[in-house]
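Notes follow the structure.
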Amino acid sequence: QVQLVESGGGLVQPGGSLRLACVASGNILGFHVMGWYRQAPGKQRELVAVIPNGGTTNYADSVKGRFTISSDNAKNTVYLQMNSLKPEDTAVYYCYEKLATGPTIKHLELWGQGTLVTVSA
């Protein structure tokens, strides 16, 4: 069974940094898309950053220049480095992946359980 496990959330002061990680476990053959979304209280879930396989990395305008998404496919891990954090970045952050699994090839879309990031003085 393939699952995503996130880590790295927590409480940080404005201007601080955090790095989120999402590890995919199971019989993974490859990734189509790896990304991060977030959902603030009372708001809809929104895209933060995404890496399409072979495509261009995309960021929400609100995080451009502050957040960086990266991946280590050998470790089945996607990261989100968050710098210059603001109170409005407070949200539950979710890892999202579209991937191929084996032994019988299946294409799945998976979400992590979410990790809370709180930016407050």
Side-chain angles (χ1 to χ4, degrees):
Q1 182 177 359
V2 180
Q3 61 178 350
L4 306 179
V5 178
E6 300 150 350
S7 61
L11 173 64
V12 63
Q13 292 186 342
S17 298
L18 283 175
R19 189 175 82 151
L20 306 183
C22 174
V23 180
S25 62
N27 192 347
I28 298 166
L29 302 179
F31 295 94
H32 303 301
V33 178
M34 305 171 85
W36 292 92
Y37 287 71
R38 68 185 180 186
Q39 187 166 17
K43 295 188 177 181
Q44 290 187 333
R45 191 173 297 188
E46 62 176 3
L47 173 71
V48 177
V50 63
I51 303 178
N53 187 11
T56 303
T57 301
N58 291 310
Y59 295 93
D61 288 343
S62 59
V63 307
K64 283 181 181 177
R66 300 188 298 122
F67 290 12
T68 302
I69 187 171
S70 61
S71 65
D72 185 338
N73 286 2
K75 296 182 179 180
N76 293 335
T77 302
V78 59
Y79 304 96
L80 185 68
Q81 177 66 44
M82 304 185 294
N83 299 327
S84 303
L85 282 160
K86 305 175 181 180
E88 51 264 43
D89 294 317
T90 295
V92 177
Y93 284 71
Y94 296 91
C95 173
Y96 165 81
E97 295 186 5
K98 187 173 183 180
L99 45 78
T101 66
T104 301
I105 296 177
K106 295 181 181 178
H107 300 278
L108 304 177
E109 292 186 80
L110 299 175
W111 291 91
Q113 81 283 3
T115 185
L116 178 62
V117 172
T118 303
V119 185
S120 175

Report all side-chain donor-acceptor pairs from residues 9-24 shorter than 3.5 Å, counting only partners two or more places apart or in another chain.
residue	atom	partner	partner atom	Å
Ser17	OG	Asn83	OD1	2.9

Full working for salt bridge (Lys or Arg N to Asp or Glu O under 4.0 Å) between Asp89 and Lys86: CA-CA 5 Å; Asp89 294 317; Lys86 305 175 181 180; over 6 Å; no
Heavy-atom side-chain proximity of Asp72 to Tyr79 below 4.5 angstrom: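 Asp72 vs Tyr79: side chains touch.
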Quick one: side chains of residues 50-59, donor-acceptor pairs under 3.5 Å with protein atoms, not counting sequence neighbours, listed by atom name and distance.
residue	atom	partner	partner atom	Å
Asn53	ND2	Phe31	O	3.1
Asn58	ND2	Thr56	O	3.4
Tyr59	OH	Ile69	N	3.0

With ring-ring contact (aromatic ring centres under 6.0 Å, His included) as the rule and sequence neighbours excluded, what pairs involving residues 5-27 come up?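 The answer is none; no pair qualifies.
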Ignoring hydrogens, what is the shortest heavy-atom contact between [X] and [Y]? Give both atom names and the distance.
X: Asn73; Y: Met34; value: OD1-SD, 3.8 Å
X: Ser84; Y: Arg66; value: O-NH1, 2.9 Å
X: Met82; Y: Leu85; value: CB-CD2, 3.8 Å

Residue pairs, two or more places apart or on separate chains, that pass side-chain hydrogen bond (donor to acceptor under 3.5 Å, both in side chains) and touch residues 39-52: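 As it turns out, the side-chain hydrogen bond (donor to acceptor under 3.5 Å, both in side chains) pairs with a partner in residues 39-52, which skip direct neighbours, are Arg38-Glu46.
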Cluster question for you: counting only ILVMFWY and a side-chain heavy-atom cut-off of under 4.5 Å, with indirect links fine, are [X] and [Y] together?
X: Trp36; Y: Trp111; answer: no
X: Leu47; Y: Leu80; answer: no
X: Leu108; Y: Val78; answer: yes
X: Leu110; Y: Ile28; answer: yes

Is there a donor-acceptor pair under 3.5 Å between the side chain of Thr90 and the backbone N or O of Val119?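 Yes, Thr90 side chain to Val119 backbone: donor-acceptor pair under 3.5 Å.
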Other cluster members, Ile105 - Ile/Leu/Val/Met/Phe/Trp/Tyr, side-chain contacts below 4.5 Å: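 So far as hydrophobic clustering goes, Ile105 is joined with Leu29.
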In a table with atom names and distances, give each donor-acceptor pair under 3.5 Å that connects a side chain of residues 94-102 to protein atoms at least two apart or in another chain.
residue	atom	partner	partner atom	Å
Tyr96	OH	Glu109	OE1	2.3

